[in-house]
Protein chains: 2
Amino acid sequence: MKACDYTRDNMTDLLRQHGINPTHQRIEIAYALFSHQEHLCADQVMAIVNAKHSETSKATVYNTLNLFQEKGMIREVIVDPSKVFYDPNTHPHHHFYNIATGELTDIDVDDIGLTGLPQLPPGMVTEGVDIIVRVRPTA
Amino acid sequence: MKACDYTRDNMTDLLRQHGINPTHQRIEIAYALFSHQEHLCADQVMAIVNAKHSETSKATVYNTLNLFQEKGMIREVIVDPSKVFYDPNTHPHHHFYNIATGELTDIDVDDIGLTGLPQLPPGMVTEGVDIIVRVRPTA
DNA sequence: CAATTATTTGGAATGTGTCTAATTTGTTTT
DNA sequence: AAAACAAATTAGACACATTCCAAATAATTG
Ligand SMILES: [Mn+2]
Ligand SMILES: [Mn+2]
Ligand SMILES: [Zn+2]
Ligand SMILES: [Zn+2]
């Protein structure tokens with residue numbers, strides 16, 4: 001799917017596909033995340049959605065991002081102790097994290113090989129593997 | 001160094017080795033982290049240090065943990081959006097994160113192999129690579 | 001000892017994120 | 001369509017980790 005394919009109508013379908021009732025606010029929040037194709041935190045989403053006229057409350061932005069995540073429509077990225085980033089890319093992938101700017105960049109999981117992880121204790125299952133490469137501009 | 005080798009006297013040396021002036025509070029905080037050999041967050045450190053009589057303020061705990069980290073004596077682990085964990089193990093290594101209990105377990109870096117990381121853009125250097133394996137008890 | 005510097009401290013402030021009870025919106029029933 | 005019911009949104013209070021600040025203490029220097 002190309003970036004220009006992320007229309008509000010497509011967001012409505014996407015929401016339905018994830019069993020989420022499409023409302024004005026939910027469509028706008030989904031559109032903010034998917035049309036930008038970026039890793040955004042809650043207050044950035046809020047700023048985008050309310051850019052013209054204030055339309056969506058803080059509570060709804062947080063409720064909705066958590067709902068999207070529970071339904072598997074987006075993913076959380078934990079790299080910054082002060083805020084959560086939300087990622088519209090739910091395919092398995094990893095991240096470069098620019099510690100100077102806070103910018104996140106995807107790393108395709110097909111490219112990388114990871115071996116030698118110790119066996120899990122019995123009764124444990126892997127929920128996911130996150131690789132974060134912290135980078136910074138040369139001093 | 002064995003666990004029983006972490007005495008308060010050794011902490012004094014360790015602090016000096018990192019260019020940190022050893023004070024009562026700094027020695028206690030270092031001792032809390034190194035003698036436990038665990039991943040602790042700020043309020044756990046505070047609880048340990050003040051277990052008997054309240055001796056160290058919240059501000060000092062935070063100041064000191066940040067100082068230790070800047071001087072490379074300990075390391076931050078970012079896995080939980082609500083709090084930072086501090087790790088007395090500064091050797092390169094990775095982590096299991098039990099999302100049910102919040103417990104962190106080290107993974108030795110010698111055991112694992114990681115290949116295929118894309119080349120960095122020019123002017124960028126890698127500061128570190130963190131691999132976090134999120135695990136949970138079988139449903 | 002006096003002066004200076006380093007460290008610690010309580011408490012206020014900041015910033016994310018959650019909670020709650022009231023309102024609005026949407027849907028179903030009669 | 002009006003009433004009843006359910007779902008979603010909202011403002012603002014709240015919680016909590018962390019930082020900030022200016023005053024108090026402690027340690028060092030001359
Ligand atoms: Mn969440
Ligand atoms: Mn920090
Ligand atoms: Zn991503
Ligand atoms: Zn560790």
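Every chain is numbered from 1 and lettered A, B, ... according to where its sequence line falls, protein lines coming before strand lines.
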Taking C-beta and beyond as the side chain, do [X] and [Y] meet within less than 4.5 Å on heavy atoms?
{"X": "A:Y86", "Y": "A:L40", "value": "no"}
{"X": "A:H95", "Y": "A:V79", "value": "no"}
{"X": "A:I107", "Y": "A:I131", "value": "no"}
{"X": "A:L15", "Y": "A:F68", "value": "yes"}

Can you check the [X] [atom1] to [N] [atom2] distance for me, whole Å?
{"X": "A:E76", "N": "C:dT18", "atom1": "CD", "atom2": "C1'", "result": "14 Å"}
{"X": "A:L15", "N": "D:dA7", "atom1": "CG", "atom2": "P", "result": "18 Å"}
{"X": "B:I20", "N": "C:dA6", "atom1": "CD1", "atom2": "P", "result": "16 Å"}
{"X": "A:L65", "N": "C:dG17", "atom1": "CG", "atom2": "C1'", "result": "11 Å"}
{"X": "B:I27", "N": "D:dA27", "atom1": "CD1", "atom2": "C1'", "result": "14 Å"}
{"X": "A:L67", "N": "D:dT9", "atom1": "CG", "atom2": "C1'", "result": "13 Å"}
{"X": "B:M46", "N": "D:dC16", "atom1": "CE", "atom2": "P", "result": "15 Å"}

Taking only N and O in the side chain of B:Y62, is any of them less than 4.0 Å away from OP1 or OP2 of D:dT18? yes
May I ask you to check whether B:H39 and B:D106 show a side-chain donor-acceptor distance below 3.5 Å? yes
Where at least one partner belongs to residues 42-62 of chain B, residue pairs that pass salt bridge (Lys or Arg N to Asp or Glu O under 4.0 Å), sequence neighbours excluded: none
Give each protein N/O atom lying under 3.5 Å from an N/O atom of nucleotides 7-15 of chain C, with the pair distance.
unit_1, atom_1, unit_2, atom_2, d
C:dT7, OP1, B:N21, ND2, 3.4
C:dT7, OP1, B:R26, NH1, 3.1
C:dT8, OP1, B:T23, OG1, 2.5
C:dT8, OP1, B:Q25, OE1, 3.2
C:dT8, O3', B:Q25, NE2, 2.9
C:dT9, OP1, B:Q25, NE2, 3.4
C:dT9, OP1, B:E55, O, 2.8
C:dT9, OP2, B:S57, N, 3.0
C:dT9, OP2, B:S57, OG, 3.3
C:dT9, OP2, B:T60, OG1, 2.9

